[in-house]
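Everything numeric in this text was worked out from a predicted model, so none of it was measured. Labels below follow one simple rule: chain letters A, B, ... track the order of the sequence lines, proteins then strands, and each chain is numbered from 1.
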Amino acid sequence: MRYSQMLLPTTKENPAEAEVVSHQLLLRGGFIRKLTSGLYTYLPIGLMAMQKVENIVRQEMNRAGAQELLMPMVQPADLWQESGRWQKYGPELLRFKDRHDRDYCLGPTHEEVITDIARRELHSYRQLPMNLYQIQTKFRDEIRPRFGLMRGREFVMKDAYSFDASDAAAGESYRKMHEAYTRIFKRCGLEFRPVEADSGTIGGSFSHEFMVLADTGEDTLVICRECDYAANVEKAKIVLSEKVTTDGNLEECSKVETPGMKKVERVADFLGVTPKEVIKTMIYLADGEPVAVLVRGDREVQSVKLKNLLDVTEVELADDDTVWKLTKLPVGYIGPVDIPIKLVADQEVMQMVNAVAGAGEKGHHLTGVNPGRDFTPVMTGDLRQITAEDSCPFCNGSLELTEGIEVGHIFKLGTNYSEAMDATFQDKEGSQQPLVMGCYGIGVSRVVAAAIEQNHDQNGIIFPLPLAPFQVIVLNLGLKNEKTTAAAEKLYLDMQATGLDVLYDDRDERPGSKFKDADLLGIPYRVTVGKTWEKEGKVELRLRRNGETSIIDYDRAAGIIADMVQAELKSTEDIA
RNA sequence: CGGAACGUGGCGCAGUCUGGUAGCGCACUUGACUGGGGGUCAAGUGGUCGGAGGUUCAAAUCCUCUCGUUCCGACCA
């Protein structure tokens, strides 16, 4: 590609609207332009970068035995009603009517459509296993799109769906995808971790997220320092410490005055105890229904865990007004004893003895509160956020918390969808069985953003070679000199002939601008044709990654670089 | 949905408090010089100041409404 002919508008200044590095650099480098909130146009170089990711994904999916197809983005409501998600999915699902007043939605994911295909086309165990995937634009009406490609409303996703005859076979499909994903992200040159995850609105029994480690990540992960355990904090299991023995010495409940003391710390301080000895009572609205949730005073509720325990689709912390309406109490004095609201407790609370809790009366708390005797939750379970002080549920090792960007997510769906939508096959014995499903997503456009978050410096992007829209840029610094220009042109054509993705900077710009743009765009190899060629017939090769510079023979340049690129690409494939 | 900020040539901003002929830098056009890390000089093009309504002799500026964008929050009782 000739730079002079390409739509590649770079800017020196950071756009005001971009907060995170990947967003800034994507805009500055002319990769994307915003249409409106959460919606972006991919300019040519942006599309090229994304297609690099797509191709790696395609290769690995095909290698794993999956087949590519393409489903409609517009989906009829009745399929979603069949699966039950028309009600369940919430406002993220963009719904609309056609001219005949029929309901439709824009596909945020495609379980319904693929299950419909499966029930029509898969009839026999002989056709299984089957894995089908597509790479396509998805639409999710996010509450708050942000960070450019990181959380857009429209984004490119690879989604795959597996169909198996048995749970064991589905496990094998899942394992294959886990392996394929690992290869994909390795080949993309990303530093990532597969972690145990919550399955969210997709549903299903078991899932892993693939997380790119980066500070700007929206998810928090917990990673064991000693074993392989890694999980999203939404999922991370908490190991209960040994139950405290009390010598059967349970105190009586007694009420104490705690005027103006709403915060756990204040109350604990005042009563001469630690927050660990206080029971915190939080009022949530679970699908609109009030629930009182108990955790130890020094803990935090993990809302996803709460959602799962209650088996609801939405939990929300009640605001002060709602709390007042429900309990006739100001926030801070609610307690579990005789509370007129559905009560659930974190497992840890049930071990507490002689605790402090809100008295259910303004300005008062209770001491000597004992779970089981003074209150009985309708449900208990693991409800709190894990901390770095907790220990690994597998090996008891110490844990580390870190931020991550979710670039892939794989789910074992089981028969949720196939049963709801009556997608069955005939087994060997001739009886109808529901297809056992799995689904597997990769945020293709997000991978581009994540790669930039992880690979940049103050001068711009540093693309891992497999994702680089161009592998090489040739700078012509001798535009006024016909011979130099001819030499640069020839080098460009020679490189193209070897199959390299090469950008030829033939613009009438000063050298400084060309260097800056080459850096900004993150092109791994840069070849300069200029003075050194005029004087000694050599060109300068510089690596974007580390700034390493070498002078090579002009005649051999195309071959040398093609070899280097091939070797490097091959090594990334080998590692994966 | 709550809170905040911002909307002025393509981009980044000043001007708004205190109403009085719309400005700066970058980019763009033309020319000259220059030519290895975003160069210099000169001459230009381009904006009904997000939109609607109001106040006023006069509105980018004051008032009301509205649309859009971004950030924070959706977090501990």
- Query: When you measure from the side chain of A:Arg296 to the backbone N and O of A:Pro275, does any donor-acceptor pair fall under 3.5 Å?
  - Reply: no

Out of [options], which nucleotide sits closest to the side chain of [X]?
| X | options | value |
| --- | --- | --- |
| A:Ile143 | B:rA77, B:rA74, B:rG36 | B:rA74 |
| A:Ser37 | B:rG68, B:rC71, B:rU70 | B:rU70 |
| A:Arg526 | B:rG37, B:rC76, B:rG38 | B:rG37 |
| A:Asp519 | B:rG37, B:rC28, B:rG36 | B:rG37 |
| A:Ala16 | B:rA74, B:rC13, B:rC75 | B:rC13 |

- Across every strand shown, the nucleotide meeting Watson-Crick or G-U wobble geometry with B:rG25 (both distances under 3.5 Å) is B:rC11

- Task: May I ask which nucleotide in the shown strands pairs with B:rA77, Watson-Crick or G-U wobble, both distances under 3.5 Å?
- Result: none

Does [X] place a side-chain N or O at less than 4.0 Å from the phosphate oxygens OP1/OP2 of [N]?
| X | N | answer |
| --- | --- | --- |
| A:Lys34 | B:rU69 | no |
| A:Thr36 | B:rU69 | yes |
| A:Lys531 | B:rG36 | yes |

- Query: Taking the same atom, C1', in B:rC62 and in B:rC57, what whole-Å distance lies between them?
  - Reply: 16 Å

- Item | Residue from A:Lys237, A:Arg299, A:Lys235, A:Lys305 passing salt bridge (charged side-chain N to carboxylate O under 4.0 Å, His left out) with A:Asp382 | A:Lys305

